[in-house]
Amino acid sequence: MGATPDTGFIRRAIELADLNAVRVALYQQTKDPELKELPMALAMDEDQKELLVSKAVAWLEHNATPDVLLDEPPEDELRELCNLATKEEMDDLDFNARRELPAFNDFPWFTRWSGEKPEIPEGFRAVVIGSGFSGIAMGVQLELLGIPYTVIERRPEPGGTWTINRYPDIRVDTISITYEYNFEKNYPWSEYFGKGPEVRGYLDHIATKYGVKANTRYSHDLKSATWDDERDLWVLVVDTPEGAVEMEANVIVNAVGKFANPNVVEFPGRENFDGTIIHPSRWPEGYDLKGKRVAIIGNGSTGVQMLKPIAEDAEQVFVFQRTPQWISPRPKYGDPIEPEVRWLLDNFPGFWHWWRYMAIAALFQTHKMLIPDPEWKGEGGHFNQMNDALRDTLTAYIHDQVDGDQELIDKLMPDYAPFSRRPVVDNGWYKALTRDNVELVTDPISEFVSSGIETEDGTLYQVDTIVTATGFQVAKYLWPAKYVGDNGVNVHDFWSKDGPRAYLGMMVPHYPNMFMLYGPNSQPLSGGTGLPAWYVVWASYAAQLVVRMLEDGKSRVDVKEEAYERYNEALDKEAAQLLLLQDEGAPDKNYYVNTDVGQPRLQTSAPWYGPEFHRMCTEVDWDDIDVS
Ligand code: NAP
């Protein structure tokens with residue numbers, strides 16, 4: 001154990017830290033009543049801040065220890081701490097969804113055998129398809145149960161979307177401590193928002209440490225899965241470097257992600273362009289932008305994330321924007337974790353737990369952004385008070401970032417409400433637009449020509465590289481592989497009426513013993529608990545059903561058709577009330593909403609309040625399930 005640093009260092013550490021996390025972690029250690037009375041950090045006056053900082057410094061001078069990860073406190077104490085963190089009294093629904101967020105337990109939610117492990121039938125095997133975040137979580141779950149499994153992964157390494165996307169400055173846009181699994185915490189991230197290679201490193205580390213890698217076959221690409229109704233198993237055809245092979249699986253778990261298929265737009269004249277066209281998910285390794293003239297089409301999370309580094313290298317960049325976005329600032333985005341804060345993480349017991357909790361807990365409020373307030377609108381408001389307040393903040397941010405340049409402001413101002421679409425994080429995008437070598441183009445693209453892009457007003461933008469940051473075909477879940485169920489129907493045909501659907505985002509009737517993690521309508525729109533926590537919840541749900549099947553000596557588990565229909569009806573009804581499907585939410589401009597199916601419908605996300613969906617996914621409703 002190293003020597004305790006001097007007082008100045010510790011003070012700087014506390015001053016740099018999330019003061020709410022400091023407040024709760026210190027209270028957990030000391031039960032000091034003065035700490036309990038302190039308000040949330042944003043509401044503290046200078047005296048209150050100083051009280052907290054000086055108490056924390058004094059305590060750490062004598063009590064810093066590398067034993068920073070704590071066991072879960074008793075339930076009433078945990079409840080008190082959670083309530084104290086956000087200064088609210090939680091009901092059971094919220095508390096149950098949040099209690100594992102500080103991650104005191106390594107394997108919460110994970111499914112265990114109800115008693116002695118039953119004998120697993122000879123040859124029984126689960127096959128997990130995909131080795132990204134969710135596939136690895138499923139592997140860890142199966143390891144814990146001791147159920148034989150194989151992960152097949154089409155790429156040569158673990159990491160899923162994080163190995164595929166390697167464009168400039170790719171990184172997480174939610175803080176990295178929320179992007180960790182409970183079972184592998186306090187990872188030594190070098191930046192607050194980890195870059196792609198570090199996220200890949202984290203996943204590789206887990207896959208190795210928890211035994212998943214040893215059970216993974218890389219460069220294995222699933223082509224088809226066909227249910228054998230006689231034998232209650234799936235027959236898979238998999239492309240491998242040695243050619244196509246057949247595999248059998250009693251259970252399949254699809255962990256193939258939502259962003260597997262790039263949206264490659266067939267712009268007219270595409271084939272006439274003499275330069276290089278790149279979709280960000282196919283970024284050529286080592287591609288040198290120095291001195292190049294570049295077009296970036298798209299201002300979603302990807303296009304926005306990459307502009308600044310590209311503009312710093314390229315000679316000229318044209319940004320083609322079809323629809324303005326609400327783009328939010330993110331404190332510490334792109335910043336390294338200071339040595340002082342790293343020291344706190346490694347020497348202040350409980351600080352990591354409560355920092356993580358605070359970073360996620362704020363998201364629970366966001367559901368309120370999505371509920372319309374007719375009275376507020378009647379009085380001239382746009383949507384509701386909270387959403388309008390955010391609109392004002394983001395509007396002011398745009399003005400500030402572009403130094404009041406009215407021409408730019410007019411082009412950049414969305415005419416729909418924030419939170420209609422997936423929030424985009426500013427990686428210096430607005431500022432980059434004010435550079436001399438960057439131009440924002442809002443006139444629609446008419447065609448690609450040999451030397452660049454022509455817009456409808458007849459202007460030619462001469463470029464030698466076109467980056468099409470045009471997103472992904474999110475409605476193509478599980479695609480292009482074929483999945484033929486007990487009805488003899490390919491799942492893509494089963495879904496042909498209005499796109500992919502599932503029960504709880506995980507199960508489809510007639511496709512027995514098949515689960516999807518991050519499936520259709522699965523990621524909660526708001527009030528989430530951080531994606532890694534959801535991957536575990538979904539993996540655990542699948543495992544609960546498999547465990548029941550094995551414990552009962554059965555071989556088949558399916559969702560009832562009636563339950564699937566009822567669930568989806570309720571889901572559509574719930575979604576219809578939310579911002580995304582109302583005029584103010586611009587449903588026609590949102591990949592969360594499918595407008596190609598007659599009545600627009602929410603297709604990617606779960607509309608439920610996060611804790612409610614958490615309850616649905618953690619308490620199996622056995623009346624909806626057939627085990628036979
Ligand atoms: P996206 O959000 O779907 O954005 C696609 C962009 O391309 C939009 O600006 C869209 O314009 C534009 N576009 C599409 N077709 C076009 C056309 N024919 N002509 C002109 N413009 C066109 O895709 P994305 O930016 O790749 O992001 C997808 C998701 O990936 C994100 O929402 C996020 O969930 C995830 N992501 C996460 C991170 C992170 O965490 N760090 C980073 C990147 C991506 P319209 O707005 O007019 O449709």
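Start at 1 and go down the list; that is how both ligands and their atoms are numbered.
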Parallel, tilted or perpendicular: rings of Tyr567 and Trp608 (30°, 60°):
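Because their plane-to-plane angle lies in the 30° to 60° range, the rings of Trp608 and Tyr567 count as tilted.
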Assign the ring pair Tyr202 / Trp189 to parallel, tilted or perpendicular, where the plane angle (0 to 90°) is split at 30° and 60°.
tilted
Per-ligand residue contacts, ligand 1, heavy-atom threshold under 4.0 Å:
Tyr167, Arg171, Val172, Asp173, Phe259, Val265, Phe267, Ile297, Gly298, Asn299, Gly300, Ser301, Thr302, Gln305, Arg322, Thr323, Arg421, Arg422, Ala469, Thr470, Gly471, Phe472, Tyr591
Partner residues of Tyr483 under the side-chain hydrogen bond (donor to acceptor under 3.5 Å, both in side chains) criterion, sequence neighbours left out:
Asn254
Got a donor-acceptor contact below 3.5 angstrom from the Lys368 side chain to the Met386 backbone?
no
Assess the side chains of Arg501 and Asn568: does a donor N or O sit below 3.5 Å from an acceptor N or O?
yes
I would like to know whether Thr163 and Arg200 meet side chain to side chain donor-acceptor pair (under 3.5 Å); could you show each step before the answer?
CA-CA 7 Å; Thr163 78; Arg200 288 204 294 279; over 6 Å; no
